[in-house]
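Model, not experiment: these values are computed from the prediction.
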Amino acid sequence: MIVVYGIDSQLNPIRTKLSDVIHQCLCSVLGMPDGKKAQRFVPLERENFLYPEGRSEAYTVIEINMMEGRKPETQKQLIKTLFREIESKVSITPIDIEITIKEQAKYQWGFRGMTGDEANDLTYKVNV
């Protein structure tokens, strides 16, 4: 699951395009299926979104929650691909993008009435 935070006046107008770019990166780098888009956008009022000095109001935080298993090289490739594609297609410079990947054990995920370690019908690979 992806959670994206930003200032509402900046995030709302680009939400659809940013969503598509993020998902395209997940598909190309992680091999996620096209129909496996799980994203949440959290637009915040300016006074509720504090960000580091030297950033603009375009500052955007992207949290990527995933089951453990992706190699460090794959995760780094995903981060670098996101920086490049978001800058190219959404015009947010890398200085205004923060990306964190949060990995959890498969048994800590629950979906479709089971835990991730019980799922044997995933249409994508976790260990890439």
Side-chain angles (χ1 to χ4, degrees):
M1 176 180 320
I2 311 300
V3 183
V4 181
Y5 301 90
I7 296 174
D8 54 4
S9 62
Q10 301 291 316
L11 189 58
N12 288 336
I14 62 165
R15 181 176 40 224
T16 300
K17 183 66 175 172
L18 182 57
S19 170
D20 290 344
V21 170
I22 291 170
H23 190 64
Q24 289 165 1
C25 292
L26 291 169
C27 291
S28 70
V29 176
L30 300 182
M32 296 298 290
D34 191 48
K36 185 77 175 160
K37 188 187 252 190
Q39 301 176 354
R40 307 295 179 263
F41 282 79
V42 183
L44 299 164
E45 294 175 357
R46 171 67 186 92
E47 61 270 13
N48 293 324
F49 190 57
L50 306 177
Y51 48 86
E53 191 173 297
R55 306 314 191 269
S56 77
E57 288 196 353
Y59 183 71
T60 304
V61 175
I62 302 169
E63 292 180 355
I64 302 168
N65 295 283
M66 63 172 76
M67 286 191 281
E68 66 182 352
R70 276 76 175 202
K71 298 175 188 169
E73 299 81 24
T74 303
Q75 293 182 39
K76 288 172 69 171
Q77 180 185 359
L78 176 61
I79 289 170
K80 290 177 182 184
T81 300
L82 284 163
F83 281 136
R84 184 183 66 247
E85 294 299 308
I86 292 170
E87 181 175 28
S88 170
K89 296 179 178 160
V90 189
S91 301
I92 302 174
T93 60
I95 192 73
D96 278 327
I97 302 170
E98 181 177 311
I99 301 167
T100 56
I101 295 177
K102 298 177 180 181
E103 278 190 307
Q104 297 90 26
K106 293 176 184 177
Y107 67 85
Q108 292 174 314
W109 280 79
F111 51 87
R112 295 186 280 128
M114 67 184 97
T115 59
D117 62 330
E118 297 169 332
N120 58 8
D121 62 344
L122 297 177
T123 58
Y124 56 93
K125 294 180 182 178
V126 174
N127 298 318
V128 295

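With rounding to the nearest 0.5 Å, the separation of CD in Gln24 from CG in Leu82 is 11.0 Å. Atom CD of Glu63 is separated from atom NZ of Lys102 by 3.5 Å, given to the nearest 0.5 angstrom.
Taking hydrophobic clusters as Ile, Leu, Val, Met, Phe, Trp and Tyr residues chained together by side-chain heavy-atom distances below 4.5 Å, Met66 does not share a cluster with Met1. Under the 4.5 Å side-chain contact rule for hydrophobic residues, Ile101 and Val61 do not share a cluster. Val3 and Ile99 fall into different hydrophobic clusters, where Ile, Leu, Val, Met, Phe, Trp and Tyr residues are linked whenever their side-chain heavy atoms come under 4.5 Å apart, directly or through other members. If you chain together hydrophobic residues whose side chains sit under 4.5 Å apart, Ile92 and Tyr59 never meet in one group. If you chain together hydrophobic residues whose side chains sit under 4.5 Å apart, Ile2 and Ile79 fall into the same group.
Judged by distance alone, with hydrogens and angles left aside, the side-chain atoms of Thr60 form a donor-acceptor pair with the main-chain N or O of Ala58 at under 3.5 Å. Put simply, the side chain of Arg84 never gets that close to the backbone of Glu87: no donor and acceptor are under 3.5 Å apart. With hydrogens and angles disregarded, a donor-acceptor distance shorter than 3.5 Å links the side chain of Gln75 to the backbone of Arg70.
Taking each heavy atom of Tyr5 and Leu44 in turn, the nearest pair found is CD2-CD1, 4.3 Å. Across all their heavy atoms, Ser56 and Asp96 have their closest contact at OG-OD2, 2.6 Å. Here the closest heavy-atom approach between residue Ile7 and residue Tyr51 is recorded as CD1-CE2, 3.8 Å. Pro33 and Cys27 make their closest contact through O-SG, 3.9 Å (heavy atoms, listed as atom of the first residue, atom of the second, distance). Of all heavy-atom pairs between Cys25 and Leu78, the closest is O-CD1, 3.9 Å.
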Check against side-chain contact (heavy atoms from CB on, under 4.5 Å), Asp34 and His23:
CA-CA 8 Å; Asp34 191 48; His23 190 64; 3.9 Å; yes
Going through the distances and angles, do Glu98 and Arg55 end up as a side-chain contact (heavy atoms from CB on, under 4.5 Å)?
CA-CA 11 Å; Glu98 181 177 311; Arg55 306 314 191 269; over 6 Å; no
Sequence neighbours excluded and cut-off under 3.5 Å, please list the side-chain donor-acceptor pairs for residues 8-22, or say none.
residue: Asn12; atom: OD1; partner: Arg15; partner atom: NH1; Å: 3.1
residue: Asn12; atom: ND2; partner: Asp8; partner atom: O; Å: 3.3
residue: Ser19; atom: OG; partner: Lys37; partner atom: NZ; Å: 3.1
residue: Ser19; atom: OG; partner: Gln39; partner atom: OE1; Å: 2.5
residue: Asp20; atom: OD1; partner: Lys37; partner atom: NZ; Å: 3.0

